[in-house]
There are 2 protein chains.
Amino acid sequence: MSRSRTTVVDIAHAAGVSKSTVSLVLQGSPLVNEKTREKVNSVIADLGYVYNRGAANLRQARSKIVGIVVNDLTNSFFAELAVGMDMVVQSAGYVQFLAHSGESVDRQREVIASMRENGIAGLILSPARGTEAADLKPLIDSGIPVVVVVRNLSGAKVSTLLSDNYTGAKAAVRHLVSLGHTRIGFMGGFLDTAVFAERLRGYRDALQEAGIAADEALIVHSAPSRAGGVAAVERMMLLADRATAALCLNDAVAFGVCDGLRTVGIEPGKGFGVIGFDDVIEAKTAVPALTTVSVDPQGMGQRAAQLLLKQINAGGNEQESLVTSVRLVVRQSCGAPVRNNHLEEMA
Amino acid sequence: MSRSRTTVVDIAHAAGVSKSTVSLVLQGSPLVNEKTREKVNSVIADLGYVYNRGAANLRQARSKIVGIVVNDLTNSFFAELAVGMDMVVQSAGYVQFLAHSGESVDRQREVIASMRENGIAGLILSPARGTEAADLKPLIDSGIPVVVVVRNLSGAKVSTLLSDNYTGAKAAVRHLVSLGHTRIGFMGGFLDTAVFAERLRGYRDALQEAGIAADEALIVHSAPSRAGGVAAVERMMLLADRATAALCLNDAVAFGVCDGLRTVGIEPGKGFGVIGFDDVIEAKTAVPALTTVSVDPQGMGQRAAQLLLKQINAGGNEQESLVTSVRLVVRQSCGAPVRNNHLEEMA
DNA sequence: GGATATAATTGGAACGTTCCAAATATGTCA
DNA sequence: TGACATATTTGGAACGTTCCAATTATATCC
């Protein structure tokens with residue numbers, strides 16, 4: 001039940017200047033006299049004025065809002081990614097629409113449309129499974145910069161930021177080989193994502209490099225979640241000649257695999273080597289601490305946001321594709337000697 | 001590099017009607033003739049028009065944006081809370097600014113100010129530690145509805161949605177008592193939050209009710225995180241007459257406690273009973289599955305969003321305070337007989 | 001002191017929508 | 001057909017800002 005908003009005109013009136021001058025002050029223009037600036041600022045504070053960015057956007061057609069759409073916020077990898085983005089977005093003076101698509105392309109389309117109506121200056125998208133390049137076409141054609149992260153979207157004319165899944169997976173498998181494993185599995189994930197394909201390719205190439213024959217039975221698909229990991233390990237246990245270690249699609253699957261191993265009485269890291277991918281925060285404190293390929297989600301989020309802001313400021317729409325490097329973090333879950341704790345191998 | 005935005009006037013021109021009519025169509029007004037509506041809609045589709053909600057807000061002074069500020073998105077409890085809110089906010093045709101304060105009051109102040117400038121219709125806040133009622137005063141005075149969730153903010157004239165921490169803690173301790181425990185600890189958390197105080201009060205009252213003398217040594221403070229849980233259990237182990245079971249401040253602490261127990265060779269659920277609080281998704285699949293007080297974060301998020309939308313629509317600013325009920329979910333981590341798996345006790 | 005440069009300020013138009021009051025079209029009735 | 005009711009459409013003002021070109025105040029020079 002507040003009386004109508006105070007505006008620049010109210011401020012101008014109270015300070016005895018014109019609205020143009022007030023506007024200049026608000027923008028920190030050097031044109032305005034120091035005395036006047038102080039006067040105006042004090043009136044602003046007195047009247048409890050709040051700037052109306054919407055009105056400003058209307059006039060200048062460039063907003064300070066970025067859109068972020070993430071496929072699954074409940075996965076801590078993406079939550080951390082979002083936090084990283086949040087950090088740089090906020091400190092650049094922007095705000096973000098942050099939405100969760102829940103892997104639904106329809107939902108994703110809706111939120112992007114809604115963000116567009118609300119005038120975003122750019123979009124960072126971690127696409128839901130099944131997203132087509134065409135889905136982003138209208139947005140891109142309208143000249144709004146888009147950065148796609150984590151998952152690739154082939155054919156779209158956008159900037160992308162991916163982690164080096166291939167090299168990371170390869171390094172992980174090499175590590176298992178160096179520990180003497182020869183029956184190495186790959187657990188979790190489905191064929192439909194580029195992330196899966198890349199990691200699997202790294203896995204295959206590392207095996208080949210080591211002269212180990214690939215055994216398709218050791219590649220067990222499952223949902224890319226903790227529950228999926230449990231399911232995967234159950235199926236793995238049914239095999240006559242099962243693996244002695246496995247690279248998991250991500251940390252969530254790896255935790256599930258550890259859970260599953262325990263229920264059949266195998267201690268992860270002793271009877272079976274487990275390597276994850278992502279290095280979420282829990283990886284460090286879990287028991288056993290998880291050996292994993294570190295992607296530094298928060299750092300990746302920051303880099304994505306920086307990339308987007310750069311494109312917004314440049315105005316141009318030349319795309320840029322970055323691959324962020326990853327590194328293998330050796331902890332306890334694959335039976336490495338305990339003294340090697342926290343030792344890091346380059347990947 | 002797009003030519004200037006197409007506007008209602010362009011549509012009007014192309015469809016041979018006035019801009020007012022186009023506006024009416026956009027709002028789905030029943031006043032406009034069916035033929036005209038179709039014509040206008042087809043032109044809209046042809047020209048790829050995108051509605052400018054900012055301009056609309058300017059005129060009507062009521063936006064379709066809500067602000068959500070959460071203290072820690074990397075904690076999966078809050079991430080799920082956010083997802084719950086997202087669901088109802090989106091389907092009500094709103095978008096959200098979702099920001100992460102990282103427990104920093106300064107940061108929180110900044111993002112709220114920024115959201116205000118961008119014209120939010122309401123705010124849901126899970127306050128950072130140390131937030132004062134006064135921090136929200138200007139926002140509230142300006143007539144914007146605020147819903148505070150999870151943590152209480154005494155003295156603020158806002159609606160609140162809290163979980164029934166007292167009853168939940170009491171139920172958990174009663175359960176431990178019923179299993180025969182008499183030395184029961186309380187682990188994790190610091191005195192500065194209302195959540196901690198309430199859960200501790202429930203713990204104390206349940207002990208008293210059971211005629212068990214309180215032992216302050218069994219209350220061990222720590223950060224409310226997994227790492228904090230590890231630290232807490234280390235200190236607990238130093239005690240001569242240590243606890244045989246503990247209620248933990250939250251699930252994160254409980255997982256840390258389990259980790260810590262394992263490193264000293266105690267199997268959680270066998271040698272030591274552990275109960276968590278929150279029921280995050282991992283609680284179900286962890287090994288051992290965590291007995292915990294279920295708060296249903298996603299449902300709570302939904303309820304918070306509904307409450308906010310209700311207030312936005314009502315326009316009035318009468319506050320409403322809800323306490324959502326919780327229930328004890330008995331799983332394996334406190335040594336309950338396995339056949340009782342998933343049995344639920346009312347709380 | 002007048003001319004000139006420089007510093008500071010200003011009114012009005014514009015951004016894309018909604019709202020209002022008024023205008024026009026269409027239908028109905030006697 | 002004229003009067004009236006109802007259905008549909010419409011031009012202009014308004015929302016709160018920024019931008020531009022133009023104006024006014026102040027300093028500097030000879």
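Since this is a predicted model, take the numbers as computed values, not measurements. Note that these values count all heavy atoms, side chains included, but never hydrogens, waters or copies made by symmetry. Chain A is the first sequence line, chain B the second, and so forth, proteins listed ahead of strands; every chain is numbered from 1.
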I need the minimum non-hydrogen distance between [X] and [Y], along with the two atoms involved.
{"X": "A:A121", "Y": "A:P145", "result": "O-CD, 3.3 Å"}
{"X": "B:R5", "Y": "B:D10", "result": "O-OD2, 3.7 Å"}
{"X": "B:A133", "Y": "B:G155", "result": "CB-C, 3.8 Å"}

Measure from [atom1] on [X] to [atom2] on [N] and round the result to the nearest Å.
{"X": "B:R37", "N": "D:dA7", "atom1": "CZ", "atom2": "C1'", "answer": "13 Å"}
{"X": "B:K39", "N": "D:dT8", "atom1": "NZ", "atom2": "P", "answer": "19 Å"}
{"X": "A:E38", "N": "C:dA8", "atom1": "CD", "atom2": "P", "answer": "13 Å"}
{"X": "A:L31", "N": "D:dA21", "atom1": "CG", "atom2": "C1'", "answer": "14 Å"}

### Summary
Residue set satisfying ring pair (Phe, Tyr, Trp, His ring centres under 6.0 Å) with B:F97, at least two apart, ordered chain then number -> A:F97
## Note on the structure
Whether each nucleotide of nucleotides 16-27 of chain C has a protein heavy atom under 4.0 Å at its base (B), only at its sugar-phosphate (S) or at neither (-) is summarised, 5' to 3', as BBBB--------
### Query
Under 3.5 Å, is there a donor-acceptor pair between the A:S23 and A:Q27 side chains?
yes
### Task
Please determine, by modelled atom types, if A:Q96 and A:D86 share a side-chain donor-acceptor pair under 3.5 angstrom.
yes
### Message
If you compare every side-chain N and O of A:T21 against the phosphate oxygens of C:dA8 (OP1, OP2), does one of them come in below 4.0 Å?
### Response
no
